> 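Supplied in structure tokens, the structure appears directly below.
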There are 2 protein chains.
Amino acid sequence: MTEGFALQMVEHDNLGEIVYGQLSDALIKGRFAPDARLTIRDLAQSLGTSVTPVRDAILRLIQDEALVQKSAREVRVPVMTLERYLEIRQIRMKLEGLAARETALKAEARDIERLRELVTRNEQAIAAADWPAALELNQTFHFALAEIAGMTVLRGILNRLWLQMGPMIAASYQHGGRAMIDYHHMILLAIEARDADRAERAIVDDIRGASSAIIEQLAALKPTGSAG
Amino acid sequence: MTEGFALQMVEHDNLGEIVYGQLSDALIKGRFAPDARLTIRDLAQSLGTSVTPVRDAILRLIQDEALVQKSAREVRVPVMTLERYLEIRQIRMKLEGLAARETALKAEARDIERLRELVTRNEQAIAAADWPAALELNQTFHFALAEIAGMTVLRGILNRLWLQMGPMIAASYQHGGRAMIDYHHMILLAIEARDADRAERAIVDDIRGASSAIIEQLAALKPTGSAG
DNA sequence: AATTGTTGTTTGATGCATCATGTTTTTCGT
DNA sequence: ACGAAAAACATGATGCATCAAACAACAATT
């Protein structure tokens, strides 16, 4: 679990930080249903802390837009709309395209090795139909590009975007099948060849490919107004 | 002051929100020096509240990376590095390029009118050598593109980036002179002509142009290590 | 039975007391 | 006077009591 892949900074180990990590993880892993309501006191009880650290963590997640404050005392897991998802997809294509491009230029041997291992492990997870693991490895691969590119700001933005998409991706990813891992191979090849253009094109295709299933699902879920 | 240009949501008027707004504003306006230390109690006293709302606000600003936690009880205004600024610039070029492109496709008459008015007012501010006003109008123009494009996620990212750059931009902007307002004219023309490509190129040039002065300054400030 | 007024409950916001820890200042021995 | 030890101080974290607003449950009146 707590290997070396975590954020560059372990941060201070206050309770709020821990709770934030736990809630982030739960969100990304899709353990909170979209539109689920979170209450501070309930979470505090579940996690065995007082309300303060939970309040801190929720405040931060709201700032991340990983939770939304519907009213003064109502915090909910956001429901992704098709429109919003399409915007995030556009942003990711630009940002991750940039990261892939930089990575192609800057990657060293051990970086490439790391990427290759991620792809391999993802292959294995898919072969074993271990979707949670495949999901996490997919995410790690995308983050790794930003990290290798040395783009910490971009990495942070990506992290937030993923946090926002988490509850929804977790529900839809299996439908993506194994298409995206092929793109990962292509990205890796482009990076090995130091071909920035091709790396960018490959990751854009990857994002497009992985999202098509999700878009279908979102379009099917909310084709009409939200009156209900 | 509190005209209609604010964020789409007025949010709940709790004290923490107000303090967050005040601190954000101070940060963007450059009223905190880079590396200045902020203490909760001092701010609470200055603002006439208890520590809780200030603590909330600072927590959120740290999440925005508009403040950095150097150690367990040390929160400071971040010092922009050249490296970080270059990364933000790259990201902005991609993101704002996307926004300009979308705006060129979607802008209606009143949107264009709004942009034109911003440019005009910026002209006037520059003519009057009112740098704070020019600075704010410049920012508003950039945000307006994201808003007209209807890209709320992008708008949020941009907001955070600006918050991070705030303390530094405020100190350097005057050196940018009036070059960038010319780019704004070009952006406006491209949008009026519905020319997405040209709009994107213009805003990329705008960002590049405005940043060159800042880059020089950053390069001059920290050419060597930070030992000191 | 439907509507409305009352009461009780839930819940986040706020302020504050206390604590742990890190920093500064003071004190004391040499 | 210099340096080390100790006391004092500063400061964010944590928990908690209280409050106000929203909401739910329930009762009363027509």
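Here the structure is a predicted model, which is why all the values come from computation and not from measurement. Residue numbers begin at 1 in each chain, while the letters A, B, ... track the order of the sequences.
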> May I ask you to say what A/Ile58 touches in the nucleic acid, namely base, sugar-phosphate or nothing, with a heavy-atom cut-off under 4.0 Å?
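Answer is nothing: A/Ile58 stays at 4.0 Å or more from every strand.
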
> In whole Å, I'd like the distance from the CD atom of A/Glu74 to the P atom of D/dA21.
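The answer, rounded to whole Å, is 18 Å.
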
> What are the two closest heavy atoms between B/Phe32 and B/Ala26, and how far apart are they?
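Shortest heavy-atom contact: CE1-CB, 3.5 Å.
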
> Are the charged groups of A/Arg121 and A/Glu136 less than 4.0 angstrom apart, N to O?
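Salt bridge between A/Arg121 and A/Glu136, a charged N being under 4.0 Å from a carboxylate O: no.
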
> Tell me the interatomic distance from B/Ile40, atom CD1, to D/dG12, atom P, rounded to whole angstroms.
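These atoms are roughly 5 Å apart.
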
> Starting from P on D/dA10, measure out to CG on B/Asp42 and report it in whole angstrom.
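It works out to 10 Å between those atoms.
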
> Give the rounded distance in Å between these two atoms: CZ of A/Arg41 and C1' of D/dT18.
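Nearest whole value for this atom pair: 10 Å.
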
> Taking any atom closer than 4.0 angstrom to a non-hydrogen atom of chain A, what span of DNA chain C does the protein reach, first nucleotide to last?
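Result: C/dT11 to C/dT14.
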
> Under 3.5 Å, is there a donor-acceptor pair between the A/Tyr85 and A/Gln164 side chains?
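On atom types as modelled, these side chains do not qualify, holding no pair under 3.5 Å.
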
> For B/Glu87, check side chain to side chain contact (heavy atoms under 4.5 Å, CB included) against everything at least two apart and list the hits.
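Side chain to side chain contact (heavy atoms under 4.5 Å, CB included) list for B/Glu87, sorted by chain: A/Met151, A/Thr152, A/Val153, A/Leu154, B/Ile91.
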
> Start at the 5' end of DNA chain C and walk down; is the nucleotide closest to A/Val75 or to A/Thr52 reached first?
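On the 5' side of the pair lies A/Val75.
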
> For D/dA13 and B/Arg55 - does any side-chain N or O of the residue sit under 4.0 Å from the phosphate oxygens OP1/OP2?
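Checking D/dA13 against B/Arg55, a side-chain N or O does come within under 4.0 Å of OP1 or OP2.
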
> B/Leu38 or A/Ser50: which one's nearest nucleotide on DNA chain D is closer to the 5' end?
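This one resolves to B/Leu38.
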
> Would you call the rings of A/His142 and A/Trp162 parallel, tilted or perpendicular if under 30° counts as parallel and over 60° as perpendicular?
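Tilted.
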
> Would you say the side-chain atoms of A/Asp42 pair up with the backbone N or O of A/Thr39, donor to acceptor, closer than 3.5 Å?
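Checked: no pair found.
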
> Between B/Arg37 and A/Arg73, which is nearer to the 5' end of DNA chain D once each is assigned its nearest nucleotide?
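Its nucleotide being nearer the 5' end, the pick is B/Arg37.
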
